[in-house]
Amino acid sequence: MNQFGVIVRSFSNSAAVNSAIKNVTIIGGGLMGSGIAQVTAQAGQNVTLVDVNSDILAKSQKSINNSLGRIAKKIYKDNPQEGEKFAREASERIKTATDPVAAVKDTDLVIEAIVENLDVKHALFQKLDNAAPAHTIFASNTSSLSINDISSVVKRKDRFGGLHFFNPVPVMRLLEVVRGGETTDSTFDTMMQWGKSIGKTCVACKDTPGFIVNRLLVPYMAEALRLLERGDASARDIDIAMKLGAGYPMGPIELLDYVGLDTTKFILDGWNKNYPDQPLFKPIPILNKLVAEGKLGVKTGEGFYKYDKK
Ligand SMILES: CCCCCCCC(=O)CC(=O)SCCNC(=O)CCNC(=O)[C@H](O)C(C)(C)COP(=O)(O)OP(=O)(O)OC[C@H]1O[C@@H](n2cnc3c(N)ncnc32)[C@H](O)[C@@H]1OP(=O)(O)O
Ligand SMILES: NC(=O)C1=CN([C@@H]2O[C@H](COP(=O)(O)OP(=O)(O)OC[C@H]3O[C@@H](n4cnc5c(N)ncnc54)[C@H](O)[C@@H]3O)[C@@H](O)[C@H]2O)C=CC1
């Protein structure tokens, strides 16, 4: 099925599922937070998108509006006026804010999509726990950290879980719904229902490192970097090989640039610290060098490849 089919189907599904969640606060307006805000607003829910300053939020809004435009063009290809209305209304449902504490005062669900660093996530959730209403569910979009470790600083461990999205969020259909050690059935069911309400196909997973997808994807991508580092094949040939030989839509090196090399490094460093005997997660000099140079992939215009600045 082409992407057109995927998008139409996920959008029409979302209209059919009612969710107890009406107001959603998303913390972090980067690659993932912007996409999560967009798909939530497309499903008719009110969104507050929080980041550290208004310049970043302006960039988030720009990327959301671009993406909404692409989707509207496809869903309403024979009715551009309806398409414009769809994009405008979804965009208007997203408010932005720089104070996370004020932003969670009247929200049903908080989704954290900030930097992949446990201390930074702890500092945020600690602040939010006292400020959010009692019924509010907290979720993290972490790629690699343990949900139990993240939730260890809050009192509402029963109302805490993982909602792990995939990049690009408006296109990728999967949502991993992660149950922490103390997540109640009611919280888990609400998270599952909510995922369906925004048109995603949900899979359930325990709080195991990397959940399902990244447990398999991270070792594969790390091995691709080692292949490159040893000089066994060029980046371009590794990518061509996996696209044409394994049917992947992107090769591993271009996918690393797409995910962000800083996020990749955070993931690998975290797992190396937790699993020091696992050779797969040892530091990868070629990756660390690019990150040190600020070459973080598509988002900065250069990573393993060069990109046109947006
Ligand atoms: C070592 C540690 C590392 C671990 C990292 C962990 C990270 C995580 O925690 C989990 C992750 O997210 S892993 C990443 C998962 N994502 C993927 O694997 C993406 C693979 N790439 C693709 O699917 C396509 O290349 C893709 C869909 C991206 C683009 O498709 P194409 O290559 O065919 O390019 P286009 O022709 O530009 O796009 C295809 C259709 O999609 C639409 N589209 C793309 N981006 C969009 C966006 N942001 N918003 C709205 N629409 C979008 C595009 O319009 C086009 O639509 P059609 O014209 O209908 O085909
Ligand atoms: N990049 C990817 O493909 C995926 C990433 N993730 C996870 O999503 C999370 C975010 O990743 P990306 O969106 O890629 O990162 P990003 O670097 O694009 O965006 C992170 C945003 O969070 C903001 N931020 C940092 N600290 C903050 C705070 N205390 N309060 C408010 N905002 C803050 C930053 O200013 C930035 O705009 C990470 O946990 C990552 O592991 C999950 C799935 C896929």
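Sequence positions, counted from 1, serve as the residue numbers for this chain. As the structure lists them, so they are numbered: ligands from 1, and atoms in each ligand from 1.
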Report the relative orientation of the aromatic rings in F281 and Y275; use parallel for angles under 30°, tilted for 30 to 60°, perpendicular for over 60°. tilted
Using the rule that two of Ile, Leu, Val, Met, Phe, Trp, Tyr join whenever any of their side-chain heavy atoms come within less than 4.5 Å, decide whether I21 and F160 are in one cluster. no
Rounded to the nearest 0.5 Å, how far apart are CD of E254 and CE of M242? 11.5 Å
From the candidates T263, V259, T142, L31, the one that places a heavy atom nearest atom 7 (C) of ligand 1: V259
Of T190, T184, D189, D185, which meets side-chain hydrogen bond (donor to acceptor under 3.5 Å, both in side chains) against T187? T184
Could you check which of V213, V169, V171, L68 puts a non-hydrogen atom nearest to atom 46 (C) of ligand 1? V171
Please confirm whether Y258 comes within less than 3.5 Å of ligand 1 when only nitrogen or oxygen atoms on both sides are compared. no
F166 heavy atoms, cut-off 4.0 Å: which ligand 1 atoms fall inside? 10 (C), 11 (C), 12 (O)
At a 4.0 Å threshold, what atoms of ligand 1 neighbour a non-hydrogen atom of P249? 20 (C), 21 (N), 22 (C), 23 (O)
Run N23 and T25 through side chain to side chain contact (heavy atoms under 4.5 Å, CB included) and show every step you take. CA-CA 7 Å; N23 299 312; T25 301; over 6 Å; no
Can you name the residues that come within less than 4.0 Å of ligand 2, going by heavy atoms only? I27, G28, G30, L31, M32, D51, V52, I56, A113, I114, E116, K121, N141, T142, S143, H164, F165, N167, V259, T263, K299
Nearest heavy-atom pair of S60 and L49: which atoms, and what distance? CB-CD2, 3.8 Å
Under 4.0 Å between heavy atoms, the region of Y248 that gets near ligand 1 turns out to be neither
Which is closest to atom 49 (N) of ligand 1 by heavy-atom distance: S143, S67, S63? S67
Relative to the heavy atoms of L217, which atoms of ligand 1 are at a distance of less than 4.0 Å? 13 (S)
To which of R70, M250, M32 does the heavy atom nearest atom 44 (C) of ligand 1 belong? R70
CA sep, side-chain torsions, deciding dist, call: W194, Q45, side chain to side chain contact (heavy atoms under 4.5 Å, CB included): CA-CA 10 Å; W194 179 77; Q45 298 166 27; 2.7 Å; yes
Step-by-step side-chain hydrogen bond (donor to acceptor under 3.5 Å, both in side chains) determination, K157 to N148: CA-CA 8 Å; K157 295 182 180 59; N148 290 334; over 6 Å; no
What atoms of ligand 1 come within less than 4.0 Å of a heavy atom belonging to T264? 1 (C), 2 (C)
Identify whether M221 and M172 are in the same connected component of the hydrophobic contact network (ILVMFWY, side-chain heavy atoms under 4.5 Å). yes
In ligand 1, which numbered atoms sit nearer than 4.0 Å to a non-hydrogen atom of M221? 1 (C), 3 (C)
Where's the contact between N66 and ligand 1, heavy-atom distance under 4.0 Å: side chain, backbone, both or neither? neither
Between the side chains of D262 and K299, is the shortest nitrogen-to-carboxylate-oxygen separation below 4.0 Å, so that they form an ion pair? yes
Closest non-hydrogen atom pair between L261 and G303, with its separation: CD1-CA, 4.0 Å
Any idea which atoms of ligand 1 are less than 4.0 Å away from a heavy-atom of N167? 12 (O), 14 (C), 15 (C), 16 (N), 17 (C), 19 (C)
Residue pair I71, Q38: steps toward the side chain to side chain contact (heavy atoms under 4.5 Å, CB included) verdict: CA-CA 11 Å; I71 286 171; Q38 179 186 332; 3.5 Å; yes
